[in-house]
Amino acid sequence: MQLENYGNFPQTIPLVIEDEIFLYPFMITPLFLENKENIEAVENAIEFNRLVMIAVSKSGKEGSRDKDSFYDVGVVGNVMRKITLPDGKVKVLFQGVSKAKIIDFVPSSNIFATVDILAEETKNDIELKSLINILIDNIKKLSRLNNKFPADLIKAIEENDMPSRVADLVSSVLKIKKDEAYKIFSNTNLEQRVIGIIEIVKNEIESYKIQKEITQKVNSKIEKSHKDYFLKEQIKAIQKELGADNQKEEEIKLFKKRLKAKKCFMGQEAYKETKRQVEKLSRMNPDSPDASLLQTYVEMVLDIPFGEFANVKFSVSSVEKQLNKDHYSLEKAKERIAEYFAVKQLLEQRNIEDLKSKGTVLCFVGPPGVGKTSLANSIAKALARPLVRVALGGMEDVNELRGHRRTYVGAMPGRLIKGLIDAKKMNPVIVLDEIDKLGSNHRGDPSAVMLEILDPEQNHEFRDLYLNFPVDLSQVIFVSTANDIRKIPAPLKDRMEFIELNSYTPNEKYHIAKDYLIPQELEKHGLKKDEVSISKATIELIISKYTREAGVRNLRRVFSKLFRKVVKKILENETITKVTIGIKDLKEYLDNPIFEIEPADKIDVVGVSNGLAWTAVGGDILKIEAIKLKGKGDLKVTGNLGDVMKESSTISYSVVKYLIDNKILKIDEKDIPKTFKEKDEKELVDCSEIYKRYDIHLHIPEGATPKDGPSAGITMALALASVLSNRKIKSDIAMTGELTLSGKVLPIGGLKEKLIAAYKAKIKKVLIPKKNYERDLEEIPQEVKNSLEIKFVEKIEDVLKEALI
Ligand SMILES: Nc1ncnc2c1ncn2[C@@H]1O[C@H](COP(=O)(O)OP(=O)(O)OP(=O)(O)O)[C@@H](O)[C@H]1O
């Protein structure tokens, strides 16, 4: 279609104002017209076979035909077809012919405008060509990002050698906003127009790239959240299938129910804290690790037996009965325990509530195996309360008692709270075993924690760190045990009442074995009384040669070992109805004997004296050895001695020197080493030269065992006196006593243990301080007193007189 066929320009032609599409020359475009003027203009063009000018309305001014409501540059073309649609609208097919500009608009007619063709100019063909190439490149790039430019379209663009057509075509595909499209289209400089289009294509490429990136990110996020969502849904479905979902709800319900039941017994703070934690738990995902920790906490708290009490009545008679039933002898201890519960019973009968739970804590002190724990057992049995044993010996951290805070990995309540849970009662008997082993090497302050537990002023509000609320321990009966009273911290000692238990004599052991250990062990092994017979002599031999202990723990083990073998024998041979165990059989049953305290040396020697020692595991014989070596009066002391014992050796040495100087201890002149000159001239030398010309070495075996205390004073002095005077010491004599610098003998502790040790070592005579002789002999078992000659000594001279030959 030729433009010339339509006459010269400028000319006045019908004007259509298009609201939607920005038209370009050579485009064949369907247009939908509903505006009366537009329809009239089209009809006029068809009727008179004229061209029509299509101008585009400015943004926001659609529907108006005012002069400045549309762009003045548009397209002239012809109407190829016109169809009137059923709704009154008119559809026309328009073919653009040329770019044109409205020179004049005729508002009176309203459908006509005077229009001129707008020619485009090119300044530089080569530049234009390059710009077209750049444009095509960018279009190709864009086509990789979206599908606006299909391959055949790109091909058509490439093959078109009219730059203005390429520009029109590309612009029409890009769907540029009207005002921008107008700006580019109305430019008559073709290079500038192509540059404008390139910019738009590039912007579009950038924005697509960004869009793509964002889409990818969003997609991956959406994918992840979708994945999570689906997984969670699946878990839920599985849990539902397994009933776990309900299970959690059920559990929380149960916790709340149990908590409600305990509310009035557990105290407000405890109730509030637990309630808070149950609520927190109900909001948690049951699979999270925190939830399982919290669940353990809630379960622990609800397991504490708040409000549950075993028999609350105290009955002295039943305590006494049980103690007597379970223990041989131990009269003093039994009496003291009975008194303790008598007070409690009276306070209860007279309803003096607040004193009932107060008072001191019983502490059984003595060597291992003498019945400390077993007395506590009997107390619990008699009071019909559960017994909880808390071993303090192996404890490394005091927080094992008080619990670890919940922030601590693997936190748990302390042993006391666990004890209550195990006992299922709030008033058990708790035995704090080996309270003396709670030393300062523990982490934390053990005595402060123990005070919190034992002090009635504090223990009704004992705060376990794990629970984080106070628990009332005031109804608990605490009993403690210790081997060595000296190792218990002073503030704790103040709260305790000590009941001393001593080593058993062989005779006591025999009775315990016969009346308690053997019947109990027979029962444990399923044996009847008449199936085993052990003679008295056999039991005594077992005591003296197969056990080496202050108590009877190993003795019990020996019987258990014997009876295991008896059981085996009976099972192996059904004809056996009774097994007799005699002295001869012991070797077969028990291997070689272990000697208890070794009997003292039978030979009297110079410089070896027998001391008596008290240790946490019972009494012992302490041999003290002294030798003299040529020297110049030094004293060397070995044997792992503590400071007090070292001082005591110095005192002993000074006392002995004093005795020599004052001729109380006679020195034979022959024993003093002399110089050749003194020998030749037969010079007399002073007796003091004996200690000036010799060095003395004092040793107390066994070197690996630490020893301390002043009670070996007289024994060391005796050894020193013996070695310096060269007089022998009687081997069957032993002694104990502190020595003062003026030679007086002061009293000592642990006499009973020491005398029992002397008795076991077959010592004949024992020298003890006068004060002990007058005060403590009553407590010494008769069999010991019968077999030992016990003599008191007041001063060192008495010792020398008795012991030196
Ligand atoms: N007087 C006694 N009568 C009967 N049995 C006794 C007597 N003394 C101790 N026993 C028994 O000896 C065994 C050891 O006693 P127990 O465990 O009470 O010793 P312990 O003094 O607590 O020792 P440790 O200090 O090592 O804890 C127990 O089986 C106990 O029954």
Side-chain angles (χ1 to χ4, degrees), residues 319-338 361-382 387-395 415 429-439 477-488 496 498-525 539 542-543 546-563 614-619 750 752-753 756 779 781-784:
V319 171
E320 272 185 313
K321 226 189 259 167
Q322 192 69 43
L323 289 175
N324 286 327
K325 191 174 161 218
D326 296 341
H327 298 92
Y328 171 80
S329 158
L330 301 177
E331 304 312 335
K332 263 202 158 171
K334 288 176 186 169
E335 199 183 313
R336 182 61 201 96
I337 296 169
V361 172
L362 287 181
C363 180
F364 302 131
V365 191
V370 291
K372 300 184 295 293
T373 316
S374 142
L375 283 175
N377 264 325
S378 301
I379 293 173
K381 222 189 277 175
L387 182 99
V388 177
R389 191 169 164 264
V390 179
L392 304 176
M395 227 177 60
R415 297 222 202 148
V429 174
I430 295 187
V431 182
L432 300 165
D433 243 341
E434 304 193 316
I435 201 160
D436 53 334
K437 303 278 183 337
L438 262 188
I477 292 183
F478 286 105
V479 175
S480 53
T481 77
N483 291 138
D484 191 348
I485 203 169
R486 293 171 305 180
K487 296 202 177 124
I488 302 175
M496 289 179 171
F498 294 99
I499 297 180
E500 218 178 300
L501 304 175
N502 295 107
S503 301
Y504 292 119
T505 63
N507 184 43
E508 283 171 328
K509 285 186 184 179
Y510 166 72
H511 283 286
I512 294 172
K514 183 170 80 70
D515 299 334
Y516 297 87
L517 306 184
I518 295 177
Q520 286 163 4
E521 287 305 307
L522 283 175
E523 197 183 325
K524 264 194 215 160
H525 289 79
I539 298 174
I542 292 172
I543 292 167
Y546 286 88
T547 58
R548 186 179 191 154
E549 58 176 346
V552 289
R553 174 158 315 134
N554 285 329
L555 191 57
R556 183 188 281 283
R557 271 194 213 123
V558 171
F559 288 118
S560 153
K561 194 172 172 187
L562 280 177
F563 298 156
W614 178 92
T615 73
V617 292
K752 191 174 173 189
E753 298 295 334
I756 293 171
E779 283 180 18
Q782 200 50 49
E783 57 175 308
V784 174

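Just follow the structure's listing: the first ligand is 1, and inside any ligand the first atom is 1.
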Does any non-hydrogen side-chain atom of S480 lie less than 4.5 Å from one of M496?
yes
Partners meeting ring-ring contact (aromatic ring centres under 6.0 Å, His included) with H525 (sequence neighbours left out)
none
Which protein heavy atom lies closest to atom 3 (N) of ligand 1, and at what distance to 0.1 Å?
Y328 N, 2.9 Å
With side-chain contact (heavy atoms from CB on, under 4.5 Å) as the criterion, how do R556 and L517 come out once you've worked through the C-alpha distance, each side chain's angles and the decisive distance to 0.1 Å?
CA-CA 6 Å; R556 183 188 281 283; L517 306 184; 3.6 Å; yes
Looking at E779 and K332, does any basic side-chain N land under 4.0 Å from a carboxylate oxygen?
yes
Does ligand 1 have an atom under 4.0 Å from some heavy atom of Y504?
yes
Would you check if F559 and L522 make a side-chain contact, meaning some heavy-atom pair closer than 4.5 Å?
no
In terms of atom number and element, which parts of ligand 1 are under 4.0 angstrom from non-hydrogen atoms of G371?
8 (N), 9 (C), 15 (O), 16 (P), 18 (O), 19 (O), 20 (P), 21 (O)
I'd like to check R415 versus V388 (side-chain heavy atoms, cut-off strictly below 4.5 Å). Are they in contact?
no
Can a non-hydrogen atom of G369 be found less than 4.0 Å from any atom of ligand 1?
yes
Given I512, D515, N483, D433, which has its nearest heavy atom closest to atom 6 (C) of ligand 1?
I512
Considering only heavy atoms of S374, which atoms of ligand 1 have at least one such atom less than 4.0 Å away?
18 (O), 30 (C), 31 (O)
Quick one: does N502's side chain get under 4.5 Å of V370's, heavy atoms only?
no
Under 4.0 Å to a heavy atom of L330 - the qualifying atoms of ligand 1, by number:
1 (N)
Among protein heavy atoms, which lies nearest atom 25 (O) of ligand 1, and at what distance?
K372 NZ, 2.6 Å
Would you say ligand 1 has an N or O under 3.5 Å from any N or O of Y516?
no
Any T481 heavy atom less than 4.0 Å to ligand 1
no
Could you name the option among N554, L323, V552, L555 that has the heavy atom nearest to atom 11 (C) of ligand 1?
V552
Proximity winner for atom 24 (P) of ligand 1, if only heavy atoms of K509, E434, R553 are counted
R553
Side-chain contact test, heavy atoms from C-beta onward, threshold under 4.5 Å: evaluate it for L362 versus L375 and give yes or no.
no
Return a yes/no value for R556: is any of its N or O atoms, backbone included, closer than 3.5 angstrom to an N or O of ligand 1?
yes
Would G366 count as being in polar contact with ligand 1, using the rule that some N or O on each side must be under 3.5 angstrom apart?
no
Answer whether the closest heavy-atom distance between the side chains of L392 and K437 falls below 4.5 Å.
no
Please list, in number order, the atoms of ligand 1 under 4.0 Å from a heavy atom of D326.
3 (N), 4 (C), 5 (N)
Taking the side chain as everything from C-beta on, heavy atoms only, tell me whether E549 gets closer than 4.5 Å to P368.
no
Return the option from T373, V431, N377 holding the heavy atom at the smallest distance from atom 27 (O) of ligand 1.
T373
